[in-house]
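The block underneath contains the structure these notes are about, expressed in structure tokens.
In the text below, chain A, chain B and the rest are named by the order of the sequence lines, each starting its count at 1. All of these numbers come straight from a predicted model, not from anything done at the bench.
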Amino acid sequence: MPELPEAETIRRQLEHEIIGRRIVSVRVLRASLVRRQAPEELMRTVIGRSIERIGRRGKAVVVTLDAKSGATLVFHLGMTGQILVAPREAEPDRHTRVVFALDDGRQVFFQDQRTFGDVAAYPETDWRKIPDLAAYGPEPLKPAFNVRYLRQTLPRRSAKIQAVLMDQHFVAGIGKIYADEITYAARIHPERAANSLSEQEMRRLVRATKRILRLAIGHGGTSAADEKYVDAYGNYGGFQFLLNTYQRTGEPCRRCGRPIQHLPLQGRRAHFCPRCQR
DNA sequence: AGTTGGACCTGACTGC
DNA sequence: TGCAGTCAGGTCCAAC
């Protein structure tokens, strides 16, 4: 559930808290969260290095260590991943998977109940050379995600628009919650073939994407009913109060009053208003 | 190359 | 009360 707005909220908080700190030790409590390399390799790559920059690519939180001849730490939060800044005396709990100790005594806990997340270290500070990040589609909040891009890519996509929106290779950072909210805001039915969108619908989709994501960032992300997301301080977001369709099956559409429905899509549920979305 | 569906994982919840 | 079954979903992989 952490998607772009949640990752961005955490990024901003980490930027405020841990820039300039040095990583003095790493404890891997659950090796399956370090699945792209041996835990020892991750430790060797990051220990002793200073945190110089906190970035984000799609849903991934990207930590640059020693920008010159340094390294990069990439966190994928999966469904239930959390990055918590913890005081010196804090103890890991049963969901703490990796602990980074900082030179000021504080700790960064990588928590993950369902263990779909992962963290990896690369001896490289150029994101373009980090394979999974390089393969992502454009950042939705950057100018490169625009109507021209949709015009160029969507004609080749026969899949449902909701599925294409969640495809990280098409655009980075959108998952279930925001795919639901974006198609609603754009008034496009989630099952529409991506290659059937009109010019006007593409414009609505681009604008809705940027508007919803910015709004959600402004509210600190979404902490939905189950698997509640928390930020780097352990606090909930506030966007769940502004959701129009996600997990609102049976509740009235805020625009027309019709009950929100859901249908199976990509092995998940897509929520939508049968009247407002065509 | 694009699309689809299953697997992974854990905890909460449902129903018998 | 107990326990099996179901659900949630980001990402990867295989198969078409």
Cation-pi, A:Tyr122 ring and A:Lys129 (6.0 angstrom, 45 degrees): no
Nearest whole Å is fine: how far is C:dG10 C1' from A:Met166 CE? 10 Å
Is A:Lys59 close enough to C:dT11 that one of its side-chain N or O atoms is under 4.0 Å from OP1 or OP2 there? yes
Candidates C:dG10, C:dT11, B:dT3 - which lies nearest the side chain of A:Ala159: B:dT3
Using whole Å, what does the distance between atom P of nucleotide C:dC7 and atom NE2 of A:His262 come to? 11 Å
Whether A:His271 and A:Tyr246 hold their rings parallel, tilted or perpendicular, with breakpoints at 30° and 60°: perpendicular
In whole Å, what is the span from the CD1 atom of A:Ile177 to the C1' atom of C:dG10? 12 Å
Show the distances under 3.5 angstrom between N or O atoms of the protein and N or O atoms of nucleotides 7-10 of chain B.
residue	atom	partner	partner atom	Å
B:dC9	O3'	A:Thr115	OG1	3.4
B:dT10	OP1	A:Arg30	NH1	3.1
B:dT10	OP1	A:Arg30	NH2	3.2
B:dT10	O2	A:Arg114	NE	3.2

Check whether any side-chain N or O of A:Arg156 sits under 4.0 Å from OP1 or OP2 of B:dG2, and answer yes or no. yes
Applying salt bridge (charged side-chain N to carboxylate O under 4.0 Å, His left out) between A:Asp132 and each of A:Arg35, A:Arg36, A:Arg57, report the one that passes. A:Arg36
Any A:Leu133 side-chain heavy atom under 4.5 Å of A:Val74 side chain: yes
Base, sugar-phosphate, or nothing: which does A:Ser32 touch, judged by heavy atoms less than 4.0 Å apart? nothing
note: A:Leu133, atom CG; C:dC12, atom P; distance rounded to Å ~ 11 Å
Which nucleotide, B:dT3, C:dG10, C:dA8, lies nearest any side-chain atom of A:Tyr246? C:dA8
Taking any heavy-atom pair under 4.0 Å as a contact, classify A:Gly78: base, sugar-phosphate, or nothing. sugar-phosphate
Looking at A:Arg192 and A:Glu201, is there a salt bridge between them, counting it only when a charged N and a carboxylate O are closer than 4.0 Å? yes
In whole angstrom, what separates A:Gln152's CD from B:dA1's P? 18 Å
Would you mind reading off the distance between A:Gln111 atom CD and B:dG11 atom C1', rounded to a whole angstrom? 15 Å
With respect to the phosphate group of B:dG11, does any side-chain polar atom (N or O) of A:Thr80 fall under 4.0 Å of OP1 or OP2? no
Go through A:Thr115 and A:Asp112 one step at a time and tell me if the side-chain hydrogen bond (donor to acceptor under 3.5 Å, both in side chains) criterion holds. CA-CA 5 Å; A:Thr115 71; A:Asp112 193 1; 5.8 Å; no
Describe the nucleic acid contact of A:Arg36 in one word from base, sugar-phosphate, nothing, applying a heavy-atom distance below 4.0 Å. sugar-phosphate
Listed partners of A:Tyr136 passing ring-ring contact (aromatic ring centres under 6.0 Å, His included), at least two apart: none
Rounded off to whole Å, could you give me the CG-to-P distance for the A:Leu165 and C:dT11 pair? 15 Å
Whole-Å distance, A:Lys228 NZ to B:dC13 P, equals 11 Å
